[in-house]
Amino acid sequence: MSDFLQELNTVQRQSVLATDGPVLVVAGPGSGKTRVLTYRIAHLIREGVAPWEILALTFTNKAAREMKERIEKVVGSGANQVWAGTFHSIFSRILRMEAEKIGYPSHFTIYDTEDTKSVLGAIIKEMNLDKTVYSPNVIRSRISSAKSNLITPRLYAEKEDLLQQDRAAKRPLTFQIYQQYSDRCKRSGAMDFDDLLYRFYELLHRNPDQVLEKYRKKFRYVLVDEFQDTNHLQYAIVRKLVQYPESPRNICVVGDDAQSIYAFRGATIQNILDFEQDFKNHGIQVFKLEQNYRSTEHIVEAANSVIQFNQRQIQKKIRSEKGSGHKIQVVKAMTDSEEGKRVADTLLEQKNRFHLSNRDIAILYRTNAQSRIFEEYLRRFNIPYRVFGGLSFYQRKEVKDLIAYLRLAINPRDEEALRRVINFPKRGIGDSTVEKISTLAGARQVPMWECLPLAEGGARTQQSIAGFIRLIQELASRAQTANAYDVALYAAEKSGLADLLRTDTTPEGIGRLENLANLLDGIKSYCEDDSEEAIDFSADKSLTGYLQNIALLTDFDEEDKTGGDAVTLMSVHSAKGLEFKSVFVVGLEENLFPSIMSMDTMEGLDEERRLFYVAITRAEQFLTLTYSVSRYKFGQMRYNEPSRFLEEVPRESLESAGGLKTGSSKEAAAGPPTATVSGAFQRRTNAHNASFKADPASFQASPSEQIQAGMRVLHLKFGEGKVLSIDGAKDNRVATIFFQGIDNPQRRIMLKFAKLQILE
DNA sequence: GTTGGTATCTGTGGA
DNA sequence: AGATACCAAC
């Protein structure tokens with residue numbers, strides 16, 4: 001065993017060696033955070049701590065896997081006995097062992113977001129509520145944040161502030177939906193992603209002697225990665241495990257407040273502040289890793305400068321010793337398509353000039369929907385690429401369908417799976433029959449599965465239902481004896497799913513059949529895989545094990561089909577923790593990055609800025625920032641100003657300061673009037689002229705509801721303009737109007753208040 | 001009960 | 001633009 005401690009700088013080594021008692025490591029980007037975590041664990045093992053006494057919680061499977069691999073390199077085998085994994089996977093593993101104690105079967109189903117939305121949709125429909133008001137997505141996030149704050153349905157119904165918010169949003173019955181959803185999940189033997197955390201907390205809380213005590217003793221050392229992204233519930237669980245009278249409080253959390261980008265799903269930097277407070281009296285040690293080993297100086301300077309614009313932060317400044325390096329390039333495009341082309345051009349040029357491989361390069365965007373254009377041009381240029389974050393393999397319809405059969409075989413109470421396949425492929429059990437069964441189940445408070453034989457209907461329907469029950473029972477009994485692959489193959493054939501796809505000869509149909517075959521292959525290799533890495537504490541070759549495993553996978557965990565050397569396309573969110581020699585951050589426009597959803601609050605904007613900080617600190621040597629003057633959204637052309645974040649990058653770090661690389665004049669001429677952007681990024685000057693451009697005497701405002709996209713209109717102050725688009729409905733209609741000849745010619749105007757005269 | 005066409009909505013990020 | 005929901009016709 002080499003002495004790995006030599007590879008660390010002073011602060012890193014201190015963070016590794018401070019094994020006992022509470023430790024907070026504030027780790028800037030590229031500061032060797034993963035190295036500290038892994039060496040810390042390796043060091044613990046070397047000092048005689050048993051691997052299974054160590055609990056290391058991460059946010060992604062990838063981070064967990066990497067950590068285990070690196071520990072193994074240092075200490076050899078034994079690394080796979082460390083309890084390292086995501087919050088969700090570790091807790092789900094323990095829940096399976098202890099599920100009965102909170103009234104769940106050990107083979108409980110895990111609902112993904114789609115399942116959750118579908119269940120909510122059904123409840124909303126049954127309650128006869130308008131789903132445009134009670135949008136499943138909104139309700140889901142409301143329920144999610146309730147769970148993340150340890151608010152049960154019953155508590156929710158007592159919280160006046162929550163009820164008040166719901167009333168204000170015209171959704172007063174949200175608490176009832178939450179209650180029903182909760183009941184239904186329980187009845188179905190199902191947990192959603194939040195439940196994996198929430199029920200785990202419940203398990204510990206309700207069984208202090210049998211369970212909590214056991215895991216407190218077991219996990220003598222607890223580590224948490226990306227602590228800034230934990231929510232209240234996650235921290236409550238961690239605290240429960242380590243915060244008790246005779247605890248050694250061997251808790252180490254690693255995080256960076258500047259990289260907190262998940263407030264939208266309940267993460268709170270407050271946890272870092274609370275942590276310091278909670279462990280103040282137990283000899284907490286705080287280390288700051290500020291030395292950046294990833295990026296050159298221009299990039300680090302840009303990052304430091306940008307983050308200064310935030311309101312609240314733990315003061316720290318990252319330092320680079322890599323030399324000044326290349327300046328940051330800013331590319332302006334007239335259209336989203338041109339942006340794609342210019343990124344591909346620049347990328348090729350960089351590859352040639354600096355001998356970069358495809359895998360050294362990433363294109364990062366704010367929203368997944370932006371990937372399409374870049375894919376188009378990369379394909380055209382014959383550059384292999386890999387897109388992360390789209391529809392994952394396991395979310396495809398045909399895959400989910402077969403999995404639904406498997407889910408039913410394991411847990412017939414799983415109502416969502418039942419609804420999904422009871423009539424797919426078609427077997428003559430239509431909506432009305434399903435509704436009858438559902439109503440019956442609701443009235444009796446039992447799973448739908450138990451009501452199947454009771455459904456009223458014609459003889460043919462009865463027969464169909466009996467056939468379906470038989471099919472599922474067959475699958476279930478096979479699952480008792482056969483391995484997962486055999487059950488899956490049998491399900492694919494016996495359900496008619498495989499036959500249905502075989503008859504579809506369209507290219508999409510053939511693709512779907514291939515996906516099904518791939519799924520079967522995947523299941524096969526899953527149950528045959530007895531390689532050493534698969535045989536760690538998490539090995540469970542049963543069908544149940546398989547199902548729980550895939551429920552927690554993301555497309556990060558999917559196989560790379562590009563042969564390994566591909567350009568990476570992903571959202572900035574999923575790029576956290578990664579690094580590339582060259583990074584393109586694209587779509588740097590107001591309303592996109594920062595996102596329009598975040599712009600009404602300071603906190604929202606700060607989070608977007610941290611996201612931008614994360615984006616630029618992914619780059620080692622080359623950083624290219626691009627924006628487009630116009631882009632299509634929902635089939636409509638939109639115009640946006642350059643992102644405010646571009647101005648927050650110091651001029652000295654930009655290539656050809658003040659100047660911009662713009663598109664060719666031909667392309668520029670094809671775009672809309674650009675209204676003279678002098679200097680690099682001219683921003684809105686608030687002092688606009690108060691004088692009238694239109695004659696107030698002859699001005700006659702038209703009723704605002706008549707304003708439509710495409711019209712020419714007159715505004716008293718701004719003069720004549722063209723309505724580019726309209727967003728929102730009724731009182732919230734907002735027009736984007738282009739006024740020729742004024743500063744920042746593109747304006748968004750609330751029609752409710754606007755005085756506009758229609759000219760044609 | 002099923003099929004196919006039209007209207008409507010979508011509008012951040014992810015385990 | 002693309003997915004989904006809904007409705008009328010088979």
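Chain letters run A, B, ... following the sequence lines, proteins first, then strands; residues in each count from 1. Since we're looking at a predicted model, the values are computed, not measured. Keep in mind that the numbers below use all heavy atoms, side chains included, and drop hydrogens, waters and symmetry copies.
Note on A/T367: every side-chain N or O is 4.0 Å or more away from OP1 and OP2 of B/dG11. OP1 or OP2 of B/dG14 lies within a sub-4.0 Å distance of a side-chain N or O belonging to A/S574. At least one side-chain nitrogen or oxygen of A/N423 sits closer than 4.0 Å to the OP1 or OP2 atom of B/dT2.
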Report the C-alpha distance between A/Y262 and A/F264 in whole Å, list the side-chain angles of each, state the deciding distance to 0.1 Å, and finish with yes or no for ring pair (Phe, Tyr, Trp, His ring centres under 6.0 Å). CA-CA 5 Å; A/Y262 285 107; A/F264 75 92; 5.7 Å; yes

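Ring geometry, A/F374 versus A/Y365: the interplanar angle falls under 30°, so the pair is classed parallel (tilted spans 30 to 60°).
Side-chain atoms of A/T113 and base atoms of B/dA15 include a donor and an acceptor less than 3.5 Å apart. Counting distance only, with no hydrogens placed and no angle test, the side-chain atoms of A/R631 and the base atoms of B/dG11 include no donor-acceptor pair under 3.5 Å. Applying the 3.5 Å distance criterion, the base of B/dG14 shares a donor-acceptor pair with the side chain of A/R265. For A/K426 and B/dG1, a side-chain-to-base donor-acceptor distance below 3.5 Å is absent, hydrogens and geometry of angles not being considered.
Of all heavy-atom pairs spanning A/S371 and A/L569, the tightest one is O-CD2, 4.0 Å. For the residue pair A/L646 and A/P642, the shortest heavy atom distance occurs at CD1-CB, 3.9 Å.
A straight line from CD of A/E114 to C1' of B/dG14 spans 14 Å, rounded to a whole angstrom. What separates CG of A/L553 from P of B/dG14 is a distance of 16 Å, to the nearest Å. When rounded to the nearest whole Å, the span between CG of A/N231 and P of B/dG14 equals 17 Å. Rounded to an integer number of Å, the gap from A/D192 CG to B/dG14 P is 18 Å. Put simply, NZ on A/K117 is 12 Å from C1' on B/dG14, counting in whole angstrom units. Atom CD1 in A/I110 sits roughly 14 Å away from atom P in B/dA15 (whole-Å rounding). When the P atom of C/dA1 is taken as reference, atom CG of A/D336 falls 12 Å away, rounded to whole Å. Between the NE2 atom of A/H573 and the P atom of B/dA15 there is a distance of 11 Å, given to the nearest Å.
Residue contacts shown for A/S144 are absent, as no nucleic acid heavy atom lies under 4.0 Å away. In this structure, A/F87 reaches neither bases nor backbone, as no heavy-atom distance under 4.0 Å exists between it and the strands shown. A/R610 comes within contact range of no nucleotide atom at all, as no heavy-atom separation falls under 4.0 Å. Contact annotation for A/D112: no contact, since no heavy-atom pair falls under 4.0 Å across all strands. Nucleic acid contact for A/N368: sugar-phosphate only, since backbone atoms but no base atoms lie under 4.0 Å from a heavy atom of the residue.
Under a cut-off of 6.0 angstrom, the local environment of NZ in A/K397 is crowded, with over 12 non-hydrogen atoms contributed by other residues, nucleotides or ligands.
Judged by ring centres under 5.5 Å apart and planes tilted less than 30 degrees, A/Y262 fails to stack against the six-membered base ring of B/dG14.
Residue A/T60 places its side chain closer to B/dA15 than to any other of B/dG11, B/dA15, B/dG1. The nucleotide whose nearest atom lies closest to any side-chain atom of A/M597 is, among B/dG13, B/dG11, B/dG1, B/dG11.
Position along DNA chain B of the nearest nucleotide to A/E608 versus A/I429 favours A/I429 as the more 5'-ward residue. If you find the closest nucleotide of DNA chain B to A/S89 and to A/T461, the one lying nearer the 5' end belongs to A/T461.
Centroid-to-centroid, the aromatic rings of A/F309 and A/F645 stay 6.0 Å apart or farther.
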